[in-house]
Enquirer: 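Pasting a structure here, questions to come.
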Amino acid sequence: MSDAERVRHARQLRGSLRVPGDKSTSHRALILSALASGQSTITGLSPGEDVRATSAIINQLGATRYDDENRVLITGPDEGLRASSAPLDCGNSGTTMRLLCGVVSAIAGSHQLVGDASLSVRPMDRVAVPLGLMGSLVHGHGEWVTPPLSVKSPKELRGIEYHVPVASAQVKSAVLLAGLSAKGVTTIQEDVRTRRTTEEMLSAAGVGLVVESVGEGRRVTLTPARPRRHDWFVPGDPSQAAFFAVLGAIHPDATLEVLSVEASPERVGFVGVLQRMGADVRLSTSGEFHVLHSRSSTLQATEIHAREVPSVDEVPILTVAASAATGVSAFREMGELRLKESDRFRASMTLAESLGCRVWSEGEDFFVEGVGSAENFLEFNFASALDHRMVMACAVAGCAGNGCTIEGASTVSSSYPNFFRDLALLQ
Ligand code: S3P
């Protein structure tokens with residue numbers, strides 16, 4: 001793929017598609033399989049480069065991978081994972097780096113973790129602090145502990161009780177993964193319910209967890225145990241399905257379906273936001289799976305709080321929905337957006353502005369005055385700054401609106417290598 005992608009307006013959009021396997025589930029399926037003894041299988045693993053980075057790292061740490069027709073077989077060594085003298089390359093993937101910090105903290109010895117230009121300016125203090133309390137030394141650059149990282153892990157970690165100061169599933173997961181082989185129980189408390197992928201998958205692998213509700217948040221207590229081998233099934237990634245939900249809703253002539261989507265409440269908050277805006281978007285069940293339906297709609301502005309879409313992955317594409325709406329949408333408490341693959345706070349505002357919207361910010365909030373319809377979007381150019389979700393948000397805006405050119409579009413491969421092919425198949 002050339003690194004600049006030109007997207008044209010599509011006259012009509014019809015069809016069903018499957019998005020890649022959920023990225024969060026994929027990383028954890030690889031990690032838990034590597035930690036277990038014996039062979040696990042994974043069906044539906046994400047083909048994205050982020051997940052490839054995790055896969056390459058568990059190999060370096062001693063697990064083996066074999067690709068069967070539609071499954072991946074991972075064998076964890078009986079004696080457990082071991083330190084690698086070569087750097088562990090996390091590429092563009094914050095999830096890989098943060099989760100692996102937890103994993104390698106429990107492997108005695110020294111480790112180095114590196115990433116690309118985007119990952120190298122992202123804060124790792126959020127995992128370095130709790131892992132430090134457990135007995136591991138995570139060093140990086142400056143106050144934010146940015147990569148490259150060096151991790152010095154002791155013979156044995158100690159369990160801790162930790163209140164996560166930011167809404168972050170990655171931090172929660174890093175601490176729980178480290179807690180698997182610590183001395184004593186590990187308790188994590190979060191004030192906002194972030195995705196519970198780690199907790200559910202640890203339970204499925206036989207690890208004892210107690211989960212309690214505390215106000216709007218949760219407290220998770222883990223008793224150390226080795227995960228058991230498991231046959232993992234990875235459902236479709238709801239954060240990828242969100243791009244097609246908005247595409248269908250803002251395009252003037254669209255009827256779309258995304259099949260087999262993960263639909264836990266922490267992941268599909270965007271559906272409620274779109275429905276509140278008047279979008280004809282809904283989830284239905286078909287057997288064990290969820291299908292996301294989306295059709296052309298007329299949208300009204302709304303107010304969105306970060307709590308509704310924990311981890312804020314869907315905010316760039318919801319900004320595109322707000323841009324096509326009538327009225328002023330408010331995005332509240334969006335500071336975490338600044339710390340993603342790019343500064344998505346600024347990037348989302350820039351995108352809305354490029355589409356012709358009036359935008360402004362106040363502290364951690366930003367506002368978008370929509371242009372009333374995607375038909376009114378301006379044609380635009382956008383530089384992706386190594387951010388896969390910004391690439392896809394731009395492509396949706398260009399396809400529903402009046403076209404765009406995206407510089408650095410190949411970074412979409414971090415999570416969705418066939419995104420542009422799938423978009424073309426709907427036209
Ligand atoms: C993820 C957690 C989220 C999200 C990321 C995947 C995970 O980050 O942005 O795409 O798999 O745990 P937070 O740590 O900010 O919740």
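Both counts, for ligands and for their atoms, begin at 1 and track the order of listing.
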Enquirer: Is there a donor-acceptor pair closer than 3.5 Å between any side-chain N or O of Asp22 and the backbone N or O of Pro235?
Expert: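 Absent.
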
Enquirer: Please identify which atoms of ligand 1 are closer than 4.0 Å to at least one heavy atom of Ser168.
Expert: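 Going through ligand 1 atom by atom, the ones under 4.0 Å from Ser168 are 13 (P), 14 (O), 16 (O).
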
Enquirer: I'd like to know if Arg195 contacts ligand 1, where contact means a heavy-atom distance under 4.0 Å to any ligand atom.
Expert: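 Within the 4.0 Å threshold, so yes.
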
Enquirer: Tell me whether Lys172 reaches ligand 1 (any heavy atom closer than 4.0 angstrom to a ligand atom).
Expert: no

Enquirer: Go through the structure and list residues passing ring-ring contact (aromatic ring centres under 6.0 Å, His included) with Phe382, not counting sequence neighbours.
Expert: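 For Phe382 there are no ring-ring contact (aromatic ring centres under 6.0 Å, His included) partners, ignoring immediate neighbours.
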
Enquirer: Heavy-atom contact under 4.0 Å between His27 and ligand 1?
Expert: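 Heavy atoms of His27 never come under 4.0 Å of ligand 1.
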
Enquirer: Could you identify the single nearest non-hydrogen protein atom to atom 2 (C) of ligand 1 and state the distance to 0.1 Å?
Expert: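 Answer for atom 2 (C) of ligand 1: Gln170 CG, 3.5 Å.
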
Enquirer: Taking the side chain from Arg28 and the backbone from Ser24, do they hold a donor-acceptor pair closer than 3.5 Å?
Expert: yes

Enquirer: Quick one: which ligand 1 atoms are inside 4.0 Å of a heavy atom on Arg389?
Expert: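 Matching atoms, with element in brackets: 10 (O).
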
Enquirer: Measure the distances from the heavy atoms of Thr194 to every atom of ligand 1 and state whether one is below 4.0 angstrom.
Expert: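 Thr194: no contact with ligand 1 (<4.0 Å).
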
Enquirer: Going by the order shown, which atoms of ligand 1 are within less than 4.0 Å of some heavy atom of Lys340?
Expert: 4 (C), 8 (O), 9 (O), 13 (P), 15 (O)

Enquirer: Numbering the atoms of ligand 1 from 1, which are under 4.0 Å from a heavy atom of Asp313?
Expert: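 Listed by number with element: 4 (C), 5 (C), 9 (O), 10 (O).
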
